[in-house]
Amino acid sequence: MSLVEALRAAGLTEVEDGTRRRAEYSSDASNHRVVPTAVAYPRHTDEVLAALAVCRELGVPLTMRGGGTSIAGNAIGPGLVLDTSRHLTRILALDPEAATATVQPGVVLDDVTRAGAPHGLAYGPDPSTHSRATFGGTIGNNACGAHAMSAGRAADTVVALDVVTAAGDQFTAGPGSAGPVDLWPVVDGALAAIRTGSGRFHRQVSGYSLEHLLPERGRHVGRFLAGSEGTLAVLLEATVSLARVPAATALVVLGYPDMPAAADAVPGLLPHAPRAVEGLDARLVEVVRGRKGQDAVPDLPRGEGWLFVEVGGTSPADAADAARRLAADAGALDSLVVTGADALRLWRIREDGAGLGGRTPAGAPAWPGWEDAAVPPEHLGAYLRDFRGLLDAHGLDALVYGHFGDGCVHARIDFPFADRPRVYREFVTAAADVVAGYGGSVSGEHGDGRARSELLPRMYAPELIAAFAAVKHAFDPTGLLNPGVITDPEPLDATLRVPAARALPSRVFTLPHDGGDLSVAAHRCVGVGKCRADATATGGVMCPSFLATRDEKDSTRGRARVLQEAANGTLVGGLAAPEVLESLDLCLSCKGCASDCPAGVDMATYKSEALHARYRRWWRPRSHWSLGWLPVTARLVARAPRLVNALLGTTAVAALARAAGGIDPARPLPRFTEQTFRAWFADRPVRTGGDPVVLFVDTFTDHFTPAVGQAAVAVLEDAGFAVRVTEPVCCGLTWISTGQLDTARSRLARTVAALDVGLPVVGLEPSCTAVLRGDAEELVPGEAAARVAAATHTLAELLATRTGWSPPDLTGVHGVAQPHCHQHAVLGWEADRALLAAAGADVTAVGGCCGLAGNFGAEAGHHAVSVAVAETALLPAVRAAAPGATFLADGFSCRTQLDQVGGVRGEHLAELLAARLPATGARDAVR
Ligand SMILES: Cc1cc2nc3c(=O)[nH]c(=O)nc-3n(C[C@H](O)[C@H](O)[C@H](O)COP(=O)(O)OP(=O)(O)OC[C@H]3O[C@@H](n4cnc5c(N)ncnc54)[C@H](O)[C@@H]3O)c2cc1C
Ligand code: SF4
Ligand code: SF4
């Protein structure tokens with residue numbers, strides 16, 4: 001019987017061994033690649049026990065997984081991977097009095113923090129991945145985070161763990177209780193080695209934390225199991241303590257000449273009992289500014305290395321006082337005390353550090369592998385100096401940051417995996433010796449996994465290494481659970497992903513930041529998993545398909561993994577393989593990842609390339625013709641729009657048209673306008689005077705919503721512009737999103753030539769405007785495309801350049817705005833926000849994507865997901881809006897979705913402004 005058959009026979013229903021699924025689970029957030037035999041999603045504890053029994057019977061290794069954000073290859077394995085994050089997500093109890101929570105292993109940390117918030121409680125340890133990391137994985141790794149220095153590590157929060165051993169013995173691991181495991185003889189036989197070698201400082205996370213088993217430490221088996229990385233037992237339920245949220249906090253930013261100098265200052269800060277002390281390299285801030293704009297990071301104090309220090313207080317004033325006292329004592333070049341939203345913004349930059357550090361300032365890929373070593377804080381400055389010397393000696397570079405208060409240093413290093421993978425081994429072994437020399441730990445919070453287990457003998461005495469092996473044997477004598485990790489380790493360079501990848505030269509997009517190689521681009525994804533978190537409340541967009549389906553397949557990361565496997569070629573047979581198509585099917589091409597993924601994965605672009613590669617030799621889906629060629633069809637329809645509308649208005653013809661065009665039966669067909677915008681524009685009297693501006697007339701404005709164009713003309717003329725239009729040209733968006741890239745390129749080349757006239761260009765449809773400003777330079781590279789990109793503006797951006805003009809009064813306007821996802825990713829919505837605020841409107845922007853996203857929501861089979869995406873943020877906001885609300889949406893897709901799914905009329909910014917222009921003539925223009 002195969003593994004999958006045996007699992008199904010044992011009652012598991014969600015078991016998969018397809019190549020796509022195995023590709024998705026072939027890595028975590030590490031450099032390592034181990035393809036599992038199968039992946040299963042247990043629906044309840046009994047299914048975990050059943051899966052374990054099957055593995056035991058068949059001798060198949062079992063690796064547990066939560067969010068899969070481990071950086072050291074801790075959550076990958078060759079046999080069965082059991083993912084608890086889909087179903088085992090219940091908070092079983094929250095006791096405000098005792099300040100504890102009992103959770104299933106798949107519960108995400110932030111969910112408990114949210115549940116605890118009304119009681120002033122939160123889960124204390126906060127790995128940067130707290131929005132998607134689970135309790136199973138957090139306890140599995142003994143994760144820490146910025147606040148671990150005050151709130152403790154995951155191990156410190158463990159009250160009791162319900163676990164099952166490889167043999168199937170279930171017990172509650174707590175003080176003194178090891179169930180049927182014959183643990184104590186091992187411990188008692190190694191007491192001296194444990195006392196001198198284990199638990200020497202707070203961030204000694206490597207190896208097994210045997211110190212918790214010492215009699216004088218209460219022999220807490222639950223705490224000991226934290227950090228055992230799923231190698232000793234499977235966690236079924238956990239009871240953890242929660243931390244009290246302080247009444248107020250303040251952030252002090254301290255500037256130092258460099259990172260070692262910042263590190264030297266840390267011990268002097270500790271008497272102030274800070275809640276967190278984080279280090280941040282100036283070069284990392286430059287990377288953030290380079291990627292997200294100069295304004296992305298507020299001005300920081302003078303210096304090249306900063307400490308971000310959080311202090312608590314009984315009130316905001318008390319916290320600010322404590323902050324100032326600490327700053328006065330810090331020996332810094334300069335300092336800044338920040339509170340409220342600014343502090344949150346700075347913390348977010350720090351949390352994105354690992355992803356942003358995925359490139360060196362020179363743009364080279366930088367990797368984990370030596371990313372969380374820790375030394376006692378008093379040695380941190382010396383360690384950092386040695387570390388820099390070691391990097392230089394190996395010709396490497398890294399951006400440094402980390403939990404300096406605890407002596408834990410994060411670094412992403414530009415290991416030359418592709419051409420000289422040996423450097424990796426040489427560097428990490430040398431670095432392990434340096435760390436051990438300072439009494440440090442090769443892992444300070446991420447665990448050992450496949451990256452560091454081999455290094456443990458460099459920091460631990462042989463007696464302790466022997467004790468680790470004996471403990472493993474006591475719990476898991478046959479080596480069923482996560483083999484190759486901690487004991488009997490796999491060589492640290494045996495399963496590296498990047499050296500095994502081939503190039504996948506892109507055919508059309510130039511991918512200038514990835515050397516034109518889709519393989520390099522896909523390997524930007526290090527697996528951080530931010531694409532599995534819901535950031536819509538803070539305006540984020542990535543990744544709407546995952547938020548709708550909650551399936552790893554539909555996350556940006558899942559897709560990147562499949563593309564990486566396409567580059568590897570041993571599991572997935574290249575870019576045109578069916579697994580790639582399946583993986584990309586529910587990608588909305590919303591570009592949310594292009595801006596929100598800290599590693600800069602731009603899946604919409606990779607999808608275009610993959611569709612282009614696939615359909616060079618295969619017959620395209622019908623929707624690629626009907627929706628991809630819409631600009632051409634619309635121009636043909638413009639000859640007899642009434643007839644076409646009448647025909648499409650009949651049920652039978654509409655059904656036929658949908659079937660022929662691969663359109664979802666649930667999707668109403670849009671009506672073509674009877675007078676196009678261009679026809680209207682050509683008919684109106686020529687206006688003279690004003691500063692010339694080119695209005696880019698997109699297909700949607702021209703053929704479906706000319707009122708938007710007419711409103712824009714009114715507003716632009718009111719602002720003193722003389723509007724011009726070009727010959728009919730198209731940005732090629734519909735061909736780009738359907739992967740018809742040769743056609744897209746030829747259309748775009750004409751468009752760029754038509755727009756390159758030395759005048760500002762204003763676009764009304766955000767997705768088309770985003771092509772002119774973004775994709776064009778990668779599809780038709782050259783100076784003309786660069787000039788057009790620089791000249792292209794959104795309406796709000798262009799209006800912001802009119803210093804003497806003020807917008808019409810929008811006092812009393814209230815409601816909801818859905819910034820188009822491409823606007824969010826490429827153009828930004830800040831100018832719109834500022835314009836609306838200046839005009840007196842009270843409009844709240846929602847995050848996420850509307851769910852229609854061009855062709856996506858119209859395509860057959862996508863309707864349910866399209867609606868589920870809309871339900872993430874937009875539709876709840878529509879339902880919650882006060883009576884008389886305005887629904888602002890510049891995207892034709894977003895307005896269509898609002899109309900068809902939300903049951904409300906969406907307005908373009910141009911329409912909102914034009915309807916309130918003071919001049920009656922202008923108002924007439926829009927009627
Ligand atoms: C960008 C980035 C930043 C990070 N920042 C931090 C940080 O600040 N601090 C920090 O400590 N870590 C950090 N991490 C590492 C990681 O995110 C954390 O350790 C996190 O808590 C892991 O949770 P997870 O659910 O993703 O675990 P997974 O990766 O799924 O699993 C972690 C380990 O636990 C085991 N495991 C999972 N479930 C079970 C179970 N039910 N029973 C037994 N074993 C189980 C797995 O086998 C694996 O060995 C970071 C990672 C990334 C990518
Ligand atoms: S796609 Fe981006 S956000 Fe998602 S895991 Fe990969 S690197 Fe992280
Ligand atoms: S383009 Fe949008 S849907 Fe596709 S992977 Fe990126 S964020 Fe997700």
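Whatever order the structure lists them in is the order used to number ligands and atoms, beginning at 1. We number each residue from 1, following the sequence as shown.
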Trace of the side-chain hydrogen bond (donor to acceptor under 3.5 Å, both in side chains) decision for Ser27 with Arg497: CA-CA 8 Å; Ser27 197; Arg497 190 175 61 241; 2.6 Å; yes
Who's closest to [atom] heavy-atom-wise, of [options]?
{"atom": "atom 49 (O) of ligand 1", "options": "Asn74, Thr63, Val205", "answer": "Asn74"}
{"atom": "atom 20 (C) of ligand 1", "options": "Ala133, Ala599, Gly402", "answer": "Ala133"}
{"atom": "atom 4 (C) of ligand 1", "options": "Thr129, Leu62, Asp28", "answer": "Thr129"}

CA sep, side-chain torsions, deciding dist, call: His523, Asp514, side-chain hydrogen bond (donor to acceptor under 3.5 Å, both in side chains): CA-CA 10 Å; His523 278 93; Asp514 298 302; over 6 Å; no
Distance filter under 4.0 Å to Gly230 heavy atoms, resulting ligand 1 atoms: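 Checking each atom against Gly230, I get 43 (C), 44 (N).
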What residue and heavy atom of the protein are closest to [atom], and at what distance?
{"atom": "atom 8 (Fe) of ligand 3", "value": "Cys543 SG, 2.5 Å"}
{"atom": "atom 6 (Fe) of ligand 2", "value": "Cys525 SG, 2.3 Å"}
{"atom": "atom 2 (Fe) of ligand 3", "value": "Cys590 SG, 2.3 Å"}
{"atom": "atom 4 (Fe) of ligand 3", "value": "Cys587 SG, 2.4 Å"}

Location of contacts on [X] toward ligand 1, heavy atoms closer than 4.0 Å:
{"X": "Glu445", "answer": "both"}
{"X": "Thr231", "answer": "neither"}
{"X": "Ala148", "answer": "neither"}
{"X": "Ile71", "answer": "side chain"}
{"X": "Pro105", "answer": "side chain"}
{"X": "Ala29", "answer": "side chain"}
{"X": "Arg132", "answer": "neither"}

Indicate yes or no: does an N/O atom of [X] lie under 3.5 Å from an N/O atom of ligand 1?
{"X": "Cys144", "answer": "yes"}
{"X": "His403", "answer": "yes"}
{"X": "Arg412", "answer": "no"}
{"X": "Thr138", "answer": "yes"}
{"X": "His410", "answer": "no"}
{"X": "Gly66", "answer": "yes"}
{"X": "Pro127", "answer": "no"}
{"X": "Leu235", "answer": "yes"}
{"X": "Ser128", "answer": "yes"}
{"X": "Gly68", "answer": "yes"}

Residue that, paired with Arg20, satisfies salt bridge (Lys or Arg N to Asp or Glu O under 4.0 Å) out of Glu565, Glu552, Glu582: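 When Glu565, Glu552, Glu582 are each tested with Arg20, the salt bridge (Lys or Arg N to Asp or Glu O under 4.0 Å) holds only for Glu582.
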Mutual orientation of the aromatic rings belonging to His862 and Phe856 [parallel < 30°, tilted 30-60°, perpendicular > 60°]: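 His862 and Phe856: parallel rings.
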Parallel, tilted or perpendicular, as decided by the 30° and 60° cut-offs, for the rings of Trp347 and His147: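 His147 and Trp347: tilted rings.
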Which of the numbered atoms in ligand 3 are under 4.0 angstrom from any heavy atom belonging to [X]?
{"X": "Leu588", "result": "3 (S), 4 (Fe)"}
{"X": "Met603", "result": "5 (S), 6 (Fe)"}
{"X": "Arg559", "result": "3 (S), 4 (Fe), 5 (S), 8 (Fe)"}
{"X": "Lys591", "result": "1 (S), 2 (Fe)"}

Polar contact flag, side-chain donor to acceptor under 3.5 angstrom, Gln897-Ser866: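 Yes.
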Centroid-centroid under 6.0 Å between His202 and His403 rings: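 Ring-ring flag for His202/His403: false, centres at least 6.0 Å apart.
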Phe135 ring center within less than 6.0 Å of Tyr123 ring center: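 Close enough - the centres of the two rings lie under 6.0 Å apart.
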Counting each atom of ligand 2 from 1 as listed, which ones have a heavy atom of [X] under 4.0 Å away?
{"X": "Gly529", "result": "5 (S), 8 (Fe)"}
{"X": "Cys597", "result": "1 (S), 2 (Fe), 3 (S), 7 (S)"}
{"X": "Val526", "result": "7 (S)"}
{"X": "Ala599", "result": "7 (S)"}

Worked verdict on Leu456 versus Asp448 for side-chain contact (heavy atoms from CB on, under 4.5 Å): CA-CA 8 Å; Leu456 294 180; Asp448 300 316; 3.6 Å; yes
Test item, Cys593 contacting ligand 2 (heavy atom, 4.0 angstrom):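 No.
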Pick one: which of [options] meets side-chain contact (heavy atoms from CB on, under 4.5 Å) with [X]?
{"X": "Val601", "options": "Lys530, Arg559, Arg524, Arg557", "answer": "Arg524"}
{"X": "Val112", "options": "Val107, Thr102, Val240", "answer": "Val107"}
{"X": "Pro544", "options": "Cys587, Cys850, Cys590, Cys821", "answer": "Cys590"}

N, O or S from Cys531 under 2.8 Å to atom 6 (Fe) of ligand 2: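 For Cys531, the answer is no, given that no N, O or S atom comes within less than 2.8 Å of atom 6 (Fe) of ligand 2.
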Neighbour count >12 (heavy atoms, 6.0 Å) for atom NE2, His513: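 No, not enclosed.
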More than 12 heavy atoms of other groups within 6.0 Å of Asp46 CG: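 Check passes, neighbour count above 12.
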Trace of the salt bridge (Lys or Arg N to Asp or Glu O under 4.0 Å) decision for Lys553 with Glu24: CA-CA 7 Å; Lys553 159 183 176 282; Glu24 286 154 11; over 6 Å; no
Chi angles and distances behind the side-chain hydrogen bond (donor to acceptor under 3.5 Å, both in side chains) call for Ser70, Asn141: CA-CA 8 Å; Ser70 286; Asn141 283 349; 3.0 Å; yes
Worked check of side-chain hydrogen bond (donor to acceptor under 3.5 Å, both in side chains) between Tyr208 and Ser228: CA-CA 6 Å; Tyr208 292 135; Ser228 59; over 6 Å; no
Sub-4.0 Å heavy-atom contact, Asn482 with ligand 1: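 Checking ligand 1 against Asn482, which is what was asked, there is a heavy-atom contact under 4.0 Å.
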